[in-house]
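Please read the structure below before turning to the comments.
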Amino acid sequence: MVFRWFCCGHKQADEPMACGPPNATPVREGWLGKRGPLPGWSFDRRWCTLRAAGTRGGACLGVYDEATLCTLRAEIPIGPEATVVPFTCADRETGGEEAAAMAQERPYGFVIEVCEATKVSYHYFEAGCFNSLTSWISAFREIGATAIQPVQGAQHRGSVDVAALPYAPKRQISGEEAKYVVDMETPLTVVIFGATGDLAKKKLYPALYQLMFGCPDAPLLPQTCRVVGYARSKMELSAFLTKQCVNVNGEHRDRFLEQCEYFIGGYDDPEDYGKLHDFLRRLEGGGKANRMFFFSVNPQVFAAICTRVKEKACAPDGGFTRLIIEKPFGRDSASFAELDRATSSCFPEESLYRIDHYLGKEVVLNLVSLRFGNQLFEPLWNNKSIEHVQIVFKEDLGTGGRGGYFDEFGIIRDIMQNHLLQVFLWLAMEPPETLDRKHVMDAKCKLLKATRTLELKDVFLGQFGPNTWSAGGVEHHEPGYLDDPTVPKGSKCATYAAVVLQVDTDRWKGVPFMLRAGKGLDERMCEVRVTFKRQAYNGLVDGSPNELVMRIQPDEAIYMKCMNKMPGWQKDRAVPVVLDMTYSKSFPGGYVADAYERMFLNTAKGDGSLFVGAEELVEAWRIFTPVLDEIESSGVQPVVYNFGVRVPAGMDEFSARYGIVMGENWAEHLALHANKFDKLRELFESLDLDKDGRLDAKELTNFAKRFHDGREPPPKYVSRLIERLDTTGSGTLTLQDFERAVVALGHCCVPAAKRDHSSFAG
């Protein structure tokens, strides 16, 4: 048996390296010295993955470090002549002076002693954890190596913070992910069409900086990657970078800007694309190169760009050409079919990466781990256990003067048919055979084909109107959608919509999936809420149904609402509690990548599992197109709602038809007391915990918890609550302040409506 080690890529001097993939290209001999392959690059410590050749899947064994007495070997023979000496937290004195010194920095690992004709060499490896260590000791025994039984140090497990250790590798990849790696050797160029736009400025350039220089695991893309902005606007490079890279921040900003270029050209001019190709060739140095093209442009020019790239600007000498296409993917079945013909006639499906950035969000990605990495949920993931599912998107902003563009699409096309539908697919699809592109898309398409085409009776539409209220003692006015001068006069475009999807499968038949999205509402929020069915035995203890909530934004979290006995004498008195996993608390200091970072990285890897396939778009438009056509042809009038409310009037009744009951928000709760001053005094006194006659921020935060599933509300949520109630700007509320604020709320809220967040409100 021979274990081979592989280099993980480039690093700058004095920077620790993340370990690389088990199936990477074997390192060249020249890389073993102190100097790296490029001027200015060197290694102080060389972290490399070790895999067992011939083992199933090329399993990742450990991490090879410079702390070895034999640094110039690319293969380590393991057999009867080798001794494997493991160590744990409790055992440090093994294997050679330098290796033992490195072992002081590690909780678990082993040293391989190789006896050869004229010398003995030692090699240090990290095992990661005690379970991994014992597994590999067993593997060594099977291949005939002499192994000393590891110290039984399981009691030490967890006593050492591996992540805090100096030079600790970030992680090792294995399984499905190991199939996809970034080619760090071949020159890579990213071309951004529409580089002068807002998306490039706000998201694309910052994402590329993070991947190349900024994120903890950088570089995840080669730091030699060239980023070429392509647009029609005539602009000097310096002016372009000043304007479009304003959101790029970090100590390596200048190095990143050196990698950026700007190319002026038209979107349908073959001569410009020929010049672009020549320009890229000069940047790439000739020879093989890889190219990624990001389409941040109007869909009307997608076909032209695809055609010209295919004709003039594909990657040379066998490099890959990959196209990242931003939504919208048409506006109905016919327009998508036309778009698909234009792109697929030029490039195969595996070269097309249709991006839905929601698939790059951590909580959406965690649906895979939640469902398939646990034993608890999947057995309950069916119509026997689940009552209904809500997928909710809310914004507390209007159209910001861009209503004319929004009016072309509306909220269903803008948010629901893509972002929320993709969340629905990952939530409800059958377990795929593997998590690669083909099997994931097969599972998603199977679910879509079982989903009924929408009818108008399963749709609710709204449009925000103007509203005025006092915040911090200052009157605040928000215009309505029709007040936007860019919106066509009398437009019936919906800024709020709810639809109910029904799935005709054995797993989901009878379970309503409600998708809701809206602008001009009371808060910014996106979440998935799975409500479980009450069972017959629940009659023994009074309480509300369990709910699993996945908060996508803001304050990413996953939590479960359940019933728990109240301490005291009554044996059957239960109250709702929350089992909470908040990302910021569970993974302190953890890096949460922006969705566009992940999309660029996965495209560079060739991993299409988080992108949208042509077949699923055909089915998605099949579900939505008929009802969109009916809405537009019949001129359905949306319900006008005041800017800043939770839901439009009538939405609660619509959701109740499907067994979904939404509760009130804090403003609606107080508005119900507007004309009941005895009740207001009683409420005030119950909130005034220190009995000083004033409500402070802490006491109002406790009040806000009632409308946030009993969880700590985000600071912005509490700040807004205080602004609306504190009409004097003093920072605290007397009873008189409280009464005046509540009366004012009664004029701008919908008292009959209920809220999104919980049935926990008192």
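- In this structure the side chain of Val191 reaches within 4.5 angstrom of the side chain of Thr189, judged on heavy atoms.
- Here Arg308 pairs with Glu311 in a salt bridge; the nearest charged N to carboxylate O distance falls below 4.0 Å.
- Leu482 places none of its side-chain heavy atoms less than 4.5 Å from the side chain of Lys489.
- Using a 4.0 Å cut-off between a side-chain N of Lys or Arg and a carboxylate O of Asp or Glu, Arg341 and Glu338 do not qualify as a salt bridge.
- Ionic pairing of Asp442 and Lys438 is present here: one or more N-O contacts between side-chain nitrogen and carboxylate oxygen are shorter than 4.0 angstrom.
- When only modelled atom types and interatomic distance are considered, Tyr267 and Asn298 share no side-chain donor-acceptor pair under 3.5 Å.
- Using a 4.0 Å cut-off between a side-chain N of Lys or Arg and a carboxylate O of Asp or Glu, Asp607 and Arg437 do not qualify as a salt bridge.
- Proximity of the aromatic rings of Phe643 and Tyr481 is defined here by a centroid distance below 6.0 angstrom, and this criterion is not met.
- For the side chain to side chain contact (heavy atoms under 4.5 Å, CB included) test with Glu615, the passing option among Glu349, Lys449, Met441 is Lys449; the others fail.
- Relative to the six-membered ring of Phe320, Arg322 meets both conditions, a distance below 6.0 Å and an angle of at most 45° to the axis.
- Close placement of the Tyr596 and His357 rings is indicated, their centers lying within 6.0 Å of each other.
- Geometric assessment of Lys327 against the ring of Phe329 yields a negative cation-pi assignment under the 6.0 Å and 45° thresholds.
- Using a cut-off of 4.0 Å between Lys/Arg side-chain N and Asp/Glu carboxylate O, Arg524 and Glu395 are scored as not salt-bridged.
- Using a cut-off of 4.0 Å between Lys/Arg side-chain N and Asp/Glu carboxylate O, Lys394 and Glu523 are scored as salt-bridged.
- Aromatic pair Phe295/Phe302: centroids less than 6.0 angstrom apart.
- The cationic atom of Lys275 (NZ for Lys, CZ for Arg) does not lie both less than 6.0 Å from the six-membered ring centre of Phe263 and within 45° of the ring axis.
- Taking each heavy atom of Arg255 and Phe213 in turn, the nearest pair found is CZ-CE2, 3.6 Å.
- Aromatic ring pairs are classed by plane angle as parallel below 30°, tilted from 30° to 60° and perpendicular above 60°; the pair Tyr209 and Phe256 is perpendicular.
- Classification of Glu616 and Lys446 as a salt-bridged pair fails, no side-chain N sitting under 4.0 Å from a carboxylate O.
- Formation of a donor-acceptor pair under 3.5 Å by the Glu455 side chain with backbone atoms of Val627 is not found in this model.
- Between Arg226 and Glu261 there is a salt bridge, since a side-chain N of the basic residue sits under 4.0 Å from a carboxylate O of the acidic one.
- Looking at Phe347 and Val309, their side chains come closer than 4.5 Å, going by heavy atoms from C-beta outward.
- With respect to the salt-bridge test (charged N to carboxylate O, under 4.0 angstrom), the residues Arg331 and Glu632 qualify.
- Residues Glu527 and Ile552 form no side-chain contact, since every pair of their non-hydrogen atoms from C-beta on lies 4.5 Å or further apart.
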